[in-house]
Protein chains: 2
Amino acid sequence: MKDLNLLFKEKNLKLTPQRYAIYKYLKSTKNHPSAESIYEELKEDYPTMSLATVYKTLKTLIELNLVQELNVGEDNFRFDANVDSHPHIFCLSCGRVDDVEGVNFTFLNKEIENYTDYSVDTHQLYFYGLCPKCKERGRK
Amino acid sequence: MKDLNLLFKEKNLKLTPQRYAIYKYLKSTKNHPSAESIYEELKEDYPTMSLATVYKTLKTLIELNLVQELNVGEDNFRFDANVDSHPHIFCLSCGRVDDVEGVNFTFLNKEIENYTDYSVDTHQLYFYGLCPKCKERGRK
DNA sequence: ATGAGTGCAAAGGATTTGCATCGAC
DNA sequence: GTCGATGCAAATCCTTTGCACTCAT
């Protein structure tokens with residue numbers, strides 16, 4: 001994460017402790033947390049940080065293409081510091097969100113241009129089902 | 001739409017003029033409107049209808065599996081009376097949402113089970129790009 | 001007639017904004 | 001020291017809820 005500093009400098013942005021902490025946390029987790037969750041998580045180490053700062057920072061990180069925004073159909077957004085194109089899967093029972101690893105559907109962007117008059121840049125692919133724990137629980 | 005009546009009757013629900021109008025409008029449009037848009041559209045013919053009724057009706061229609069909810073990454077939801085699984089495409093410039101017709105990715109639900117420990121029921125696939133009009137405008 | 005549905009207004013939750021203060025450069 | 005960033009509170013937007021009244025059955 002040495003180059004973070006450079007990237008921020010280039011854009012005349014300041015790499016504040018808050019911004020660094022939020023990015024570092026997002027890089028470290030696979031939970032796809034909401035803004036609120038990030039706030040709760042960092043509250044302990046950064047007790048003065050406000051929720052507004054979390055939102056503002058996330059907006060900044062998205063503009064820098066360091067973070068992507070997800071919307072699985074909940075009433076809020078979730079955030080992912082893995083900006084490579086990859087599908088997500090949502091547990092209809094417990095609300096957990098995971099990455100689907102080992103697949104790449106980037107080719108779909110070109111493919112789909114045969115079926116529409118749009119030009120296509122990106123896509124989001126969300127699967128819905130039951131996570132291992134909830135499958136198990138349902139089987140009882 | 002004769003069977004609507006039956007379907008509602010089975011569930012002990014009333015097919016009120018408001019509910020009928022909202023469903024009929026959704027069936028008739030390809031615009032994937034938001035609740036607000038539906039409300040605005042029907043205001044002329046149903047001047048006493050409230051936005052709360054639109055929301056409540058949409059919830060009911062979703063439970064009946066007559067309508068599906070979309071979230072393209074905007075701050076609100078959109079609604080589609082085509083409940084067959086099909087991708088949507090969002091214009092990054094004007095915000096228009098269209099169906100992608102002629103493709104079916106239902107097979108992905110099974111496929112993806114090889115890459116995750118979840119069981120998979122459904123998916124949503126959203127493409128992002130430029131609609132024909134916005135492509136044209138950008139070319140000037 | 002009766003219980004579900006409507007419409008209104010108020011509440012709720014997520015996110016944004018304005019502004020005085022703070023702190024990274 | 002400067003200007004962008006923070007933190008707080010208020011504001012905004014979307015959606016839901018409570019409740020008295022209405023109306024489809």
Side-chain angles (χ1 to χ4, degrees), chain A residues 1 4-23 32-64 66-79 95 97, chain B residues 1 4-23 32-64 66-79 95 97:
Chain A
M1 291 197 210
L4 257 197
N5 233 310
L6 285 167
L7 181 57
F8 274 75
K9 207 162 281 178
E10 276 174 18
K11 309 273 177 174
N12 275 321
L13 297 171
K14 289 174 185 169
L15 186 47
T16 61
Q18 293 88 335
R19 285 175 170 178
Y20 184 70
I22 290 168
Y23 182 62
H32 308 86
S34 64
E36 183 75 36
S37 305
I38 296 168
Y39 173 65
E40 291 300 331
E41 181 67 29
L42 297 179
K43 204 183 234 174
E44 202 183 317
D45 287 342
Y46 298 83
T48 71
M49 185 164 59
S50 77
L51 185 53
T53 297
V54 175
Y55 277 107
K56 287 170 184 167
T57 295
L58 288 168
K59 206 172 195 175
T60 304
L61 293 173
I62 289 166
E63 277 162 12
L64 292 172
L66 292 170
V67 163
Q68 69 169 316
E69 206 174 42
L70 306 180
N71 196 309
V72 176
E74 297 166 305
D75 45 3
N76 55 39
F77 287 89
R78 287 167 175 262
F79 300 89
V97 174
Chain B
M1 291 195 208
L4 257 198
N5 233 311
L6 285 167
L7 180 57
F8 274 74
K9 207 162 282 178
E10 277 173 16
K11 309 271 179 177
N12 275 323
L13 296 171
K14 291 176 185 168
L15 184 48
T16 62
Q18 293 89 333
R19 286 173 169 180
Y20 184 70
I22 290 168
Y23 183 62
H32 308 86
S34 64
E36 183 76 35
S37 305
I38 296 169
Y39 173 65
E40 290 300 330
E41 181 67 29
L42 296 180
K43 204 182 233 174
E44 202 183 316
D45 287 343
Y46 298 82
T48 71
M49 186 165 60
S50 78
L51 184 53
T53 296
V54 175
Y55 277 107
K56 287 170 184 168
T57 295
L58 287 168
K59 207 172 194 174
T60 303
L61 293 173
I62 288 166
E63 277 162 11
L64 292 172
L66 291 170
V67 163
Q68 67 169 316
E69 206 174 43
L70 306 180
N71 196 311
V72 176
E74 297 167 305
D75 45 4
N76 55 39
F77 288 89
R78 289 168 174 262
F79 300 89
V97 174

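Quick note: numbers below take in every heavy atom, side chains included, and nothing from hydrogens, waters or symmetry partners. Lettering of chains follows the sequences in order, A, B, ..., and the numbering in each one begins at 1.
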Could you state the CG-C1' distance from A:Leu51 to C:dG18, rounded to the nearest angstrom? 17 Å
note: B:Ile38, atom CD1; D:dT15, atom C1'; distance rounded to Å ~ 13 Å
Are any of the side-chain heavy atoms of B:Val67 and B:Thr60 separated by less than 4.5 Å? no
Contact check, side chains of B:Arg78 and B:Glu74, non-hydrogen atoms, under 4.5 Å: yes
When you measure from the side-chain N and O atoms of B:Thr16 to the phosphate of C:dA4, is any distance below 4.0 Å, counting only OP1 and OP2? no
Does a nitrogen or oxygen in the side chain of A:Thr53 sit under 4.0 Å from OP1 or OP2 of D:dG7? yes
Any B:Leu61 side-chain heavy atom under 4.5 Å of B:Phe79 side chain: no
Kindly say whether B:Thr53 contributes a backbone atom to a donor-acceptor pair with the side chain of B:Thr57 at under 3.5 angstrom? yes
Report yes if the side chains of A:Ile38 and A:Glu36 come closer than 4.5 Å at any heavy-atom pair, otherwise no. no
Checking C:dC8, C:dG5, D:dA5 against the side chain of B:Lys56 (C-beta onward), the nearest is C:dC8
On DNA chain C, more 5' by nearest nucleotide between B:Thr48 and B:Lys14 is B:Lys14
Could you state the atom-to-atom distance from CG of A:Leu42 to P of D:dG7 in whole Å? 11 Å
Closest listed nucleotide, where the reference is the side chain of B:Pro17 and the choices are D:dT15, D:dA24, D:dG7: D:dA24
To the nearest Å, give me how far apart CG (A:Leu13) and P (D:dT6) are. 10 Å
Earlier contact from the 5' end, DNA chain D, for A:Tyr46 and A:Asn12: A:Asn12
Whole-Å distance between D:dT15 P and B:Ile62 CD1? 11 Å
Atom CG of B:Asp75 to atom C1' of D:dT12: distance rounded to whole Å? 11 Å
Separation of C:dG5 P from B:Ile22 CD1 (nearest whole Å): 13 Å
In whole Å, what is the span from the NZ atom of B:Lys59 to the C1' atom of D:dT16? 7 Å
Output the single nucleotide from C:dT16, C:dG7, D:dG7 whose closest atom is nearest the side chain of A:Tyr55. C:dT16
To the side chain of A:Asn5, which of D:dA9, C:dC25, C:dA14 is closest? C:dC25
Can a side chain N or O of A:Gln18 be found less than 4.0 Å away from OP1 or OP2 on D:dG7? yes
